[in-house]
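Input: a single structure, listed below in structure tokens.
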Amino acid sequence: MARVLLFGRLADIAGWRERDVAAGTLSELRATLAALDPDLAEALSGPSVQVAVDKALLRGEATLSATSEVAFLPPMSGG
Amino acid sequence: MSVTLQAEPFDPGALLTAFAAGRAETGAIASFTGLARAEQGTTTTLELEAYPGFTDAAIAEMVAAAVGRFGLQDALVVHRIGPIAPGEAIVFVATAAAHRRAAFEACDHLMDWLKSRAPFWKKEVGPGGARWIEPTQQDRTDAARWDGDPK
């Protein structure tokens with residue numbers, strides 16, 4: 001289980017900005033989201049979308065715990 | 001050093017007065033206030049989204065880097081989040097140093113980095129609908145002025 005956070009246009013595409021998803025790894029989480037919403041999955045897989053687990057940016061795979069927070073960050077606007 | 005993200009409007013003059021108080025060894029304070037523009041009526045609200053705990057940490061890193069690079073005595077960043085009306089202050093930056101050049105340059109540098117690299121998601125809402133904003137080429141060019149040899 002992980003808490004998923006969507007920001008910017010990703011939340012617009014999904015229609016939600018926060019939800020719990022059952023997944024043990026980042027790739028499982030992506031697969032679960034893809035089954036729920038293919039449009040969102042496509043947007044999340046774009047090269048410009050960064051991923052942060054527990055507020056730290058990372059690339060590639062990650063193991064998730066019950067308390068993990070996974071944030072999908074579209075291109076940042078700046079302040 | 002202080003970084004604050006807040007939904008409530010702020011008074012730039014009051015922030016500057018408080019920042020400048022009680023500084024016997026500071027010779028220079030520079031400040032910048034950014035306001036939300038109406039863009040000739042096309043924007044009625046600016047909506048700024050942050051990731052609490054991530055956005056403020058990223059800005060705190062920028063501030064720490066500026067303090068080290070320019071030898072600042074202190075720095076303050078206050079940034080609005082949530083809906084912001086045209087004419088309202090959206091960002092306030094103040095820098096304190098022994099001498100003016102460091103204060104001016106650090107303030108300029110911090111704003112360039114905030115505009116191009118701070119993790120915010122910004123939406124312009126107007127009569128024609130809403131659109132997400134990304135940094136302009138000018139923002140990127142401004143920020144790139146500070147790359148390369150640290151002074």
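A, B, ... follow the sequence lines: proteins, then strands. Residue 1 opens every chain.
Under the rule for a ring pair (Phe, Tyr, Trp, His ring centres under 6.0 Å), the partners of B:F54 that lie at least two apart in sequence or sit in another chain are B:Y51. Judged as a salt bridge (charged side-chain N to carboxylate O under 4.0 Å, His left out), and not counting sequence neighbours, A:R9 has no contacts.
Residues B:F120 and B:M111 are members of one and the same hydrophobic cluster, defined by side-chain heavy-atom contacts under 4.5 angstrom among Ile, Leu, Val, Met, Phe, Trp and Tyr. There is no path of hydrophobic side-chain contacts, each under 4.5 Å, that joins B:L16 to B:M1. A:L5 and A:L58 are not part of a single hydrophobic cluster, where members link through side-chain heavy atoms under 4.5 Å apart. Linking ILVMFWY residues whenever their side-chain heavy atoms come closer than 4.5 Å, directly or via other members, places B:V63 and B:F32 in the same cluster. Residues A:L64 and A:V51 share a hydrophobic cluster, clusters being chains of Ile/Leu/Val/Met/Phe/Trp/Tyr side chains in contact below 4.5 Å.
A donor-acceptor distance shorter than 3.5 angstrom exists from the side chain of B:K115 to the backbone of A:G79, with no hydrogens or angles considered. Between the side chain of B:W121 and the backbone N or O of A:P74, at least one donor-acceptor pair lies under 3.5 Å.
Taking non-hydrogen atoms and a 4.5 Å limit, the residue list of residues 11-48 of chain A in contact with chain B, ordered by number, reads A:D12, A:R17. Of residues 76-100 of chain B, those residues with a non-hydrogen atom less than 4.5 Å from any non-hydrogen atom of chain A are, in numerical order, B:H79.
In this structure, chain A has a heavy atom under 4.5 Å from the backbone of B:A50, while its side chain stays farther away. Interface residue B:K122: backbone and side-chain heavy atoms are both found under 4.5 Å from chain A. For A:L73, the parts lying under 4.5 angstrom from a heavy atom of chain B are both the backbone and the side chain.
A 6.0 Å sphere centred on CZ of B:R145 holds more than 12 heavy atoms belonging to other residues, nucleotides or ligands. By the 6.0 Å contact criterion, CD on A:E61 is enclosed, its count of non-hydrogen atoms from other residues, nucleotides or ligands being greater than 12. At most 12 non-hydrogen atoms from other residues, nucleotides or ligands lie less than 6.0 angstrom from CZ of B:F104.
Closest heavy-atom contact between B:R117 and A:M76: O-SD, 4.5 Å.
Taken from OG in A:S77 to CD in B:E124, the straight-line distance is 9.5 Å, to the nearest 0.5 Å.
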